[in-house]
Structures are given as structure tokens and as C-alpha cells.
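Structure first, then comments.
Along the sequence shown, the residues carry numbers beginning at 1. Atoms within each ligand, like the ligands themselves, are counted from 1 in listed order. The structure presented is a predicted model; accordingly, all values stated were derived computationally and were not measured.
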Amino acid sequence: MDNTGVLIILSGFAGSGKGTIIRELLGRYDNYALSVSATTRSPREGEEEGVHYFFKTEDEFKQMIAKGELLEYANYVGNYYGTPREYVKQQLASGKDVILEIETEGALNIKREYPDAILVFVMPPSVEEIHNRLLRRGTETEEIIEKRMQKAGFEITVVDRYDYLMVNDVLEESVELFNSIVKCQHMAVSRNRDYIEDKKREFEEYLSAKKEK
Ligand code: 5GP
């Protein structure tokens, strides 16, 4: 069977709990690698360079685009966000299942380059929870929160182009469901064409050897 990793894209609104799902997966299983994005957004309190994001100036970010160093990028509420290409390629080749936590525009662009990538959208149990979570976090101004809510209203309109939808009600269930989706994807026929061709050849050899006897 194919032993390269699966590329999994996880999108969802603030308050959906996608970050917690990812932390749990990384803590529980050793087959996952999380891609760290580059962004022009300023760090929030507690965010570390190279752990949460690679923090870039707009010029630095544009250079990364020009050099083809990003697998995808998008502008989200006034800041650029992008996925460094090399890390993803290396990890997939080494057999790791790579998680990208990115917004919808970038996610849909990735699907063009990696048709076998799986797109999962995580929803919080209610729309109010999105707003409440942004308020509770207290890291954004009222104006930015409003812009993020408008963006969320747009993002919900493209969710029908995703592969899976997950309502994150019970964390434990979401983590295990997510892990099952990835396991199933490893068995997708589209990922295992070479394996199938090998088996066809084996059968042909077996059957022609029988005939000769
Ligand atoms: P935040 O500012 O809250 O950390 O992230 C804002 C949005 O940008 C979230 O929806 C997050 O998933 C998304 N995002 C983070 N990194 C990337 C990236 O590399 N590419 C894209 N397209 N979106 C990203």
C-alpha cells in the first residue's frame, strides 16, 4: 500500500475547537505532523516564533511568494497567511500525515495541487459561540471581531466544497472521528493505484505460470 502521508486540511471558525482537536491528535498519535504557517499578523500574547507562526513583514512574505516557497496563501481580514511548501513535502514523503490549519480560500487552492488532500470543516455547536469565543479571548478589537464574523459568514458558503463536516460537540468523539477519516483515506483506491497495478501483474504471472504447466 502507498506509504506516503495524507494531507489533511482543517478549517473552522474561532470557537470551533479545531486547535484543541489538533493538540489532542498530536499528543495521542505519532503519525501526525503539524505545518507552521507564515503570517504578517502581529503575534498575540503567548504566541512564539516558529511554534504558532513564522511572523513575517509584508515584504518578507511577498518574497516568499515570489520565490515559490508557499504551497498556498491567502489574505484573511487584512493579513497574509501561507503554508511553507518544503516542510509539507518532506513530511508527506517521510510518511507523516500532515495537518494544515488554514482558512477556506487556501484550502480550496490546495485541493487543486493535491487532489487526494482531505478537507475537513469543524463547526462549533452554535453560531453565538463563535462570537462569544472571540470576545472571551480578548485579543481583538470589536471592529476586528466584526470583520471576522463577516468572514465566517462567507466561509460557511463554501463549506459544500469540503469533504467532511464535523460538529465539535464532544471533543473525544471529534478526535477519534478525525483519526478515522485519516486512516480511511490511506485506503482510498485513488492513493493506491501502483499497489493495484502490482497485484494485477502478480495475478497475470500466476495465471500464465499455471497455463504453462
Ligand atoms: P488567526 O489570526 O486567528 O491565527 O488565523 C486566522 C485564520 O487564518 C484562521 O482561519 C486560520 O486557520 C487561517 N490560517 C492560518 N494559517 C494559514 C495559512 O497558512 N494559510 C491560510 N490560507 N490560512 C491560514
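Between Ser37 and ligand 1, a contact under 3.5 Å exists for at least one N or O pair. Backbone and side-chain nitrogen or oxygen atoms of Glu101 are examined, and one is located within less than 3.5 angstrom of a nitrogen or oxygen of ligand 1. The distance criterion of under 3.5 Å between nitrogen or oxygen atoms is not met by Lys18 with respect to ligand 1. By the 3.5 Å distance cut-off applied to N or O atoms, Arg137 is not counted among the residues near ligand 1. On a distance-only criterion, Gly82 and ligand 1 share at least one N/O pair closer than 3.5 Å.
Close approach of ligand 1 to Ala74 (heavy-atom distance below 4.0 Å) involves ligand atoms 22 (N). Ligand-side atoms of ligand 1 in range of Thr83: 19 (O), range being under 4.0 angstrom from any heavy atom. Counting the atoms of ligand 1 from 1 in the order shown, those under 4.0 Å from a heavy atom of Arg148 are 1 (P), 2 (O), 3 (O), 6 (C). Close contacts between ligand 1 and Arg41 involve ligand atoms 1 (P), 2 (O), 4 (O) [criterion: under 4.0 Å to a heavy atom].
Taking a 4.0 Å cut-off on heavy atoms, Tyr53 registers as neighbouring ligand 1. Between Glu155 and ligand 1 there is no heavy-atom distance shorter than 4.0 Å. Using a 4.0 Å cutoff on heavy atoms, Arg44 counts as a contact of ligand 1.
Under the 4.5 Å side-chain criterion, counting only non-hydrogen atoms from C-beta, Leu34 is in contact with Ile22. Using a 4.5 Å cut-off on side-chain heavy atoms (C-beta onward), Glu129 and Arg136 make contact.
With salt bridges taken as basic N to acidic carboxylate O contacts below 4.0 Å, none links Glu155 and Lys151.
Scanning the protein heavy atoms around atom 20 (N) of ligand 1, the nearest turns out to be Glu72 OE2, 2.7 Å. Shortest contact from atom 10 (O) of ligand 1 to any protein heavy atom: Glu103 CB, 3.7 Å.
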### Task
May I have the step-by-step check of side-chain contact (heavy atoms from CB on, under 4.5 Å) for Val88 and Leu100, ending in yes or no?
CA-CA 9 Å; Val88 174; Leu100 309 185; 4.0 Å; yes
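A donor-acceptor pair under 3.5 Å is absent between the side-chain atoms of Asn79 and the main chain of Asn75, judged by distance alone. For the pair Asn31 (side chain) and Asp97 (backbone), a donor-acceptor distance under 3.5 Å is absent.
Distance check on atom 15 (C) of ligand 1: some protein heavy atom falls below the 4.0 Å cut-off.
Just one residue in the list Phe54, Tyr53, Tyr80, Phe55 forms a ring pair (Phe, Tyr, Trp, His ring centres under 6.0 Å) with Phe61, and that residue is Tyr80.
Remark: the Asn179 side chain and the Tyr32 side chain contain an N/O donor-acceptor pair separated by less than 3.5 Å. A donor-acceptor contact closer than 3.5 angstrom is absent between the side chains of Glu103 and Ser11. Using modelled atom types and a 3.5 Å distance limit, the side chains of Thr139 and Arg137 yield a donor-acceptor pair. Side-chain contact annotation: His186 with Asn3, donor-acceptor N/O pair under 3.5 Å absent.
Counting heavy atoms under 4.0 Å from ligand 1, residue Glu105 does not touch it at all. By the criterion of a heavy-atom distance under 4.0 Å, both the backbone and the side chain of Tyr81 are placed next to ligand 1.
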